[in-house]
Amino acid sequence: QSALGLTAAQETILRLNAYSVPKTVLTPEELAARLPERLPDLLNLAMRNNPRISARLAQMDAASAQIDQARAAYNPSVNLVLSTGGQQTAGSRDNAFQSSALVRLSVPLYSGGAREAGITKRHENFRAVAFDKDAAVLGVRAAVTSAFDRRTQAKDMLAVARRQLSVART
């Protein structure tokens, strides 16, 4: 029973670290060889490879870019419009061609608070995404710690069971 508990704890750690659980049953020793022995190393591995955390980090990057985009509304803009055209009449020497260029400089002066509201909304979105990321980190940390503790307990129980079996055989 302790060997099964050890195997279950190690499979949980593997899943949390984004490894696929093998379809064949591995011995506890084979599973243990795939995992770091120290809790900080396991946590580090889980934080680097967990898809929930990776997704939340990508969402944070996107939210940060949206803040920069909203702040860009305060920047001046320059537009350049070039056009050309012409008219040619068949059998006539009267041909008319024209070209024009338009340069427009826009400087935002007042928007009635719309730009500030957009920036505030994007900051709130960033905080919500950061909260979700922190919750995912805490969840993964708790699950890895729990699996690590179960694995340690199962190893201890297995060692005791093996010693008792050895004593019983002698």
Side-chain angles (χ1 to χ4, degrees), residues 1-78 106 108 111-170:
Q1 185 178 14
S2 59
L4 288 175
L6 178 62
T7 302
Q10 289 172 334
E11 285 177 353
T12 301
I13 290 173
L14 284 172
R15 273 196 311 276
L16 291 170
N17 287 317
Y19 290 115
S20 61
V21 176
K23 290 183 174 59
T24 60
V25 177
L26 299 176
T27 66
E29 291 78 16
E30 292 170 329
L31 279 172
R34 293 184 175 197
L35 297 172
E37 286 297 317
R38 295 177 346 108
L39 180 60
D41 296 335
L42 279 172
L43 290 171
N44 187 20
L45 183 66
M47 297 303 153
R48 280 194 329 260
N49 295 309
N50 188 277
R52 284 189 302 162
I53 293 173
S54 298
R56 298 311 186 278
L57 289 172
Q59 289 172 345
M60 284 182 67
D61 290 343
S64 178
Q66 288 175 347
I67 291 170
D68 293 340
Q69 179 186 21
R71 285 186 181 143
Y74 283 106
N75 297 338
S77 63
V78 176
S106 300
S111 66
R115 284 187 297 263
E116 294 83 3
I119 292 172
T120 301
K121 180 180 176 184
R122 285 176 173 87
H123 274 291
E124 290 170 357
N125 182 46
F126 181 83
R127 284 190 291 273
V129 171
F131 180 80
D132 287 346
K133 190 263 312 176
D134 291 342
V137 166
L138 289 174
V140 169
R141 183 179 301 275
V144 169
T145 302
S146 172
F148 182 81
D149 292 344
R150 288 191 342 244
R151 182 176 82 164
T152 303
Q153 182 181 17
K155 279 182 177 181
D156 294 344
M157 290 172 59
L158 184 61
V160 168
R162 284 182 177 162
R163 277 194 305 267
Q164 289 175 348
L165 182 62
S166 173
V167 168
R169 286 185 179 164
T170 58

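FYI, the numbering just counts along the sequence from 1.
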Taking the side chain as everything from C-beta on, heavy atoms only, tell me whether M47 gets closer than 4.5 Å to N50. no
Validation row: V144, L39 side chains within 4.5 angstrom (heavy atoms):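 Yes, close enough: below the 4.5 Å cut-off.
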List for me each residue that meets side chain to side chain contact (heavy atoms under 4.5 Å, CB included) alongside [X], sequence neighbours excluded, and say none if there are none.
X    : answer
R56  : R52, Q59, D132, K133, A136
D61  : none
S166 : none
R115 : A73, Y74, P108, S111

Holding to salt bridge (charged side-chain N to carboxylate O under 4.0 Å, His left out), I want the full list of residues that pass it with R169, two or more places apart in sequence or in another chain.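 Per chain and number, R169 pairs via salt bridge (charged side-chain N to carboxylate O under 4.0 Å, His left out) with no residue.
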Just to verify, what does D156 make a salt bridge (charged side-chain N to carboxylate O under 4.0 Å, His left out) with, not counting sequence neighbours?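 For D156, no residue satisfies salt bridge (charged side-chain N to carboxylate O under 4.0 Å, His left out) once neighbours in sequence are set aside.
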With Q164 via side-chain hydrogen bond (donor to acceptor under 3.5 Å, both in side chains) - residues at least two apart: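 So Q164 forms no side-chain hydrogen bond (donor to acceptor under 3.5 Å, both in side chains) with any residue.
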Which residue pairs pass the side-chain hydrogen bond (donor to acceptor under 3.5 Å, both in side chains) test with at least one member in residues 138-150, sequence neighbours excluded?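 side-chain hydrogen bond (donor to acceptor under 3.5 Å, both in side chains) check on residues 138-150 returns T12-R150.
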Can you check whether F148's main-chain N or O pairs, donor with acceptor, with T152's side chain at less than 3.5 Å?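 Side chain of T152 to backbone of F148, a donor-acceptor pair under 3.5 Å: yes, one is there.
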For Q66 and R122, which heavy atoms make the closest approach, and how far apart are they?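 The answer is O-CD, 2.9 Å.
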When rounded to the nearest 0.5 angstrom, what is the spacing between CD1 in I119 and CG in D68?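 So the gap between those two atoms works out to 10.0 Å.
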